[in-house]
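This report refers to the structure that appears directly beneath it.
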Number of protein chains: 2
Amino acid sequence: MKIGQLAQQTGTPVDTIRYYEREGLLPRAARTEGNYRIYDAVHLERLAFIRRCRSLDMTQDEIRVLLRFRDTPSESCEDVNALLDAHIGHVAERIRELQQLEKQLQTLRECCQEGRQAAECGILNELSHGGAELTTPAASESHLAATHAGGRQHVPPRQGGGA
Amino acid sequence: MKIGQLAQQTGTPVDTIRYYEREGLLPRAARTEGNYRIYDAVHLERLAFIRRCRSLDMTQDEIRVLLRFRDTPSESCEDVNALLDAHIGHVAERIRELQQLEKQLQTLRECCQEGRQAAECGILNELSHGGAELTTPAASESHLAATHAGGRQHVPPRQGGGA
DNA sequence: CTTGACTCTGGAGTTACTACAGGGTTTTCA
DNA sequence: TGAAAACCCTGTAGTAACTCCAGAGTCAAG
């Protein structure tokens, strides 16, 4: 099949497939005479695997490790467990951070009643002079990301996945 | 004061201060004869404001809006409230997403007992053929970011903030 | 044989910075 | 006084994981 079909069957944008190839997550595809990439079931499997990992918020590096395990099935899967445990740890930590953050934001929100002038807005004042509760950085030392997305994720929710 | 002092007093890397100037969050600093930037209390105030907002995980765009409110204090602060409410919404949503994700990861983790070979590793199998619970994308449609950081945040925890 | 759908490559843009290289300036202190 | 150390400058490139675009080629249908 061609790249468009693979894209549809896995719900992956075409650009992303080419990007994965550049990054080495997918092997270089064979080409037709007209220089079109052609894929088979093995590629589809592998891409689906990658996309499932990404939907679980794993990094490319984590996925690379898992793919290596998949490719060399003789080794023990202890390391797979370790990787997953670490990843679960990251997620749990990020949740804790965000919950703290939410509390801080709600505290801040209560500083301001409706209908005032910005000059006396409790929120702006609080942000300006800085209460003690607000000094803990959100994403501080950890390797965890911010609340907002950079270059949109896409990963669409089950579009044309079936046939 | 010079940029290094401002950096120390706000716990902001020097590069970041220059970056904020480029981005227009901070006004262009006046210069000495030797072309060094010089800052006063107003700059310090503004930078501290920005850093506090960032520690609350706000985007530059959100901060820009807040700064505009700060600069034109005659307007009502309803919009400040709205912005904050929206931001709290983002954080809450991200928390929900991550909690779902955590559950999925734990389910996945239980697929594999220690000491097996990777060939029959339950986790790899599950990721390969894809159980129904694993199909919901993590960061799907929302404008929210992933679990791992891209270009490290830094925002160090209270280094030399006092004097 | 033309239209339209599909594909190709290469490069730039996204967030919020960080990390240089290759210079200039100021301070220190012997 | 002179040199080294510490500081500052600009500009560029890199980070994660893509997305989007231009400009061109290929293919199927009518």
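FYI, side chains are in, hydrogens and waters are out, and symmetry mates aren't considered; it's all heavy atoms of this structure. Chain letters run A, B, ... following the sequence lines, proteins first, then strands; residues in each count from 1.
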_Pick the closest DNA chain D nucleotide for T16(A) and for R22(B) by heavy atoms, then say which residue is nearer the 5' end._
R22(B)

*Does Y19(A) or I3(B) map to a spot on DNA chain D nearer the 5' end, using the closest nucleotide for each?*
I3(B)

*Ion pair check, E23(B) and R18(B), cut-off under 4.0 Å*: no

_When you measure from the side-chain N and O atoms of Y20(B) to the phosphate of dA16(C), is any distance below 4.0 Å, counting only OP1 and OP2?_
no

*asked:* Checking side-chain polar atoms at under 3.5 Å, does R96(A) have a donor or acceptor matched by the opposite partner on Q100(A)?
replied: no

*Can you check whether R18(B) has a side-chain N or O nearer than 4.0 Å to OP1 or OP2 of dT10(D)?*
no

*When you check every protein heavy atom under 4.0 Å of nucleotides 25-30 of chain D, what one-letter string (B, S, -) results, 5' to 3'?*
BBS---

*Is it true that D61(A) and R64(A) have a side-chain N and a carboxylate O under 4.0 angstrom from each other?*
yes

*Is the closest side-chain heavy-atom distance between M58(A) and L105(B) below 4.5 Å?*
yes

*asked:* Please pick, from dT7(C), dC9(D), dA16(C), the nucleotide with the shortest atom-to-atom distance to any side-chain atom of R54(B).
replied: dA16(C)

*salt bridge (Lys or Arg N to Asp or Glu O under 4.0 Å) with E21(B): which of R37(B), R46(B), R28(B)?*
R37(B)

*asked:* Go through it in stages, so that I can follow the logic: the residues are I17(A) and Y39(A), the test is side-chain contact (heavy atoms from CB on, under 4.5 Å), and I'd like the CA-CA distance, side-chain angles, deciding distance and then a yes or no.
replied: CA-CA 11 Å; I17(A) 296 175; Y39(A) 298 97; 3.6 Å; yes

_dT7(C) OP1/OP2 closer than 4.0 Å to side-chain N/O of R37(A)_ = no

